[in-house]
There are 2 protein chains.
Amino acid sequence: MNYSRQRESIKEYLMSTKEHPTADVIYQHVKEAYPKISLGTVYRNLTLLVDLGEVRKISTGDGTEHYDADTSAHSHYYCRCCHRVMDLEVTPSVDQILAASSAGLGTIEIANLLFTGVCQSCLNEQSQK
Amino acid sequence: MNYSRQRESIKEYLMSTKEHPTADVIYQHVKEAYPKISLGTVYRNLTLLVDLGEVRKISTGDGTEHYDADTSAHSHYYCRCCHRVMDLEVTPSVDQILAASSAGLGTIEIANLLFTGVCQSCLNEQSQK
DNA sequence: TGTAAAACGATAATTATTCCTATTTTTATA
DNA sequence: TATAAAAATAGGAATAATTATCGTTTTACA
């Protein structure tokens with residue numbers, strides 16, 4: 001993989017913000033430094049960075065993906081009203097968090113824990129090759 | 001809200017499966033009983049059912065939403081290889097689950113806990129009206 | 001510096017989802 | 001049961017997010 005200033009700029013912007021921006025928001029910002037950058041380049045590099053593990057993709061179900069350069073273990077709170085994604089300290093107990101919805105965050109209507117990986121049956125198929 | 005056989009059929013199918021199907025998969029199935037049903041009807045009813053809290057929407061980031069009629073507290077495991085979503089017992093400790101990736105599930109590369117609700121600043125704005 | 005591989009910009013294409021409208025179904029009630 | 005208003009539908013057009021294509025530009029390195 002070769003260096004690219006556009007990719008560097010995307011990463012830099014993502015590391016500088018806590019806003020969990022969408023591809024389009026990232027595009028608008030990076031455009032200030034690279035006015036000719038195309039949205040396709042933003043998408044291509046985001047996919048790359050996610051695959052490299054340098055960026056996390058956050059799927060809220062609001063119709064567009066959010067991105068986060070903070071790859072440390074932490075969770076998120078999504079407001080279905082303003083569509084913002086906020087950071088949460090990782091809290092040990094799911095039940096505790098559910099009970100603690102009065103902690104000043106807002107209401108908690110849905111708590112969803114999603115694990116992503118490669119399942120046993122896919123691992124088996126892959127090892128057969 | 002009025003009764004509709006199409007909506008009933010969608011709910012029935014969702015309750016009968018543990019596959020966490022996408023709108024299109026649901027459409028293909030319900031079409032067997034209602035050959036003239038349209039995809040728009042499936043989407044409209046899924047949105048309705050989610051808003052009523054009778055169905056959960058699961059966003060995996062694979063480009064399309066998954067749906068689940070099991071609204072009991074539970075988590076999911078998503079295989080980025082076969083794109084299937086599997087049920088997980090709710091486990092009290094996130095760290096425990098992370099450590100337990102050898103439990104026969106497969107690999108766990110990402111664990112993301114997402115809370116959805118209405119945040120404090122949106123609640124404040126709403127109460128001003 | 002020259003060249004091959006990688007990345008880019010512009011834009012077309014694709015896919016998931018929502019919107020629109022005339023028609024049909026449902027429900028309440030006479 | 002007939003009827004009329006409200007709600008839902010089918011079909012298709014429209015939209016929005018994302019991916020693919022392809023000729024041009026950058027990057028790496030001999």
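Naming: A, B, ... by sequence-line order, numbering from 1 per chain.
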Among [options], which nucleotide has an atom closest to any side-chain atom of [X]?
X       : options                : result
B/Thr64 : C/dT17, D/dA10, D/dT26 : C/dT17
B/Thr47 : D/dT27, C/dT18, C/dA7  : C/dT18
B/Glu65 : C/dT17, C/dG9, D/dT18  : C/dT17
B/Tyr3  : D/dA10, D/dT27, C/dT26 : C/dT26
B/Ser38 : D/dG11, D/dA8, C/dT17  : D/dG11
A/Leu39 : C/dA10, D/dT18, D/dA8  : D/dT18
A/Asn2  : D/dA28, D/dA8, C/dG9   : D/dA28

Quick check on DNA chain D: between B/Val42 and A/Gly40, whose nearest nucleotide comes earlier from the 5' end?
B/Val42
Tell me which of B/Met1 and B/Ala23 sits closer to the 5' end of DNA chain C, going by the nucleotide each one is nearest to.
B/Ala23
Quick check on DNA chain C: between B/Gly63 and B/Gln6, whose nearest nucleotide comes earlier from the 5' end?
B/Gly63
Are A/His76 and A/Met86 packed together at the side-chain level, in the sense that at least one heavy-atom pair is separated by less than 4.5 angstrom?
no
Do A/Tyr27 and A/Thr41 have side chains that get closer than 4.5 Å, going by heavy atoms?
no
Once you round it to whole Å, what is the distance between [atom2] of [N] and [atom1] of [X]?
X       : N      : atom1 : atom2 : result
A/Lys57 : D/dT18 : NZ    : P     : 8 Å
A/Lys31 : C/dG9  : NZ    : C1'   : 12 Å
A/Asn45 : C/dA6  : CG    : P     : 15 Å
B/Tyr43 : D/dA10 : OH    : P     : 15 Å
B/Asp62 : D/dA17 : CG    : P     : 18 Å
A/Tyr27 : C/dT11 : OH    : C1'   : 11 Å
B/Tyr34 : C/dT26 : OH    : P     : 9 Å
A/Asp51 : C/dA7  : CG    : P     : 13 Å

Atom CG in B/Leu114, atom CD1 in B/Ile58: separation rounded to 0.5 Å?
12.5 Å
Whether B/His20 and B/His74 hold their rings parallel, tilted or perpendicular, with breakpoints at 30° and 60°
tilted
Does B/Arg5 make a side-chain N or O approach to OP1 or OP2 of C/dT26 shorter than 4.0 Å?
yes
A/Leu14 and A/Leu46: CA distance, side-chain angles, deciding distance, side-chain contact (heavy atoms from CB on, under 4.5 Å) verdict
CA-CA 10 Å; A/Leu14 265 178; A/Leu46 284 172; 3.9 Å; yes
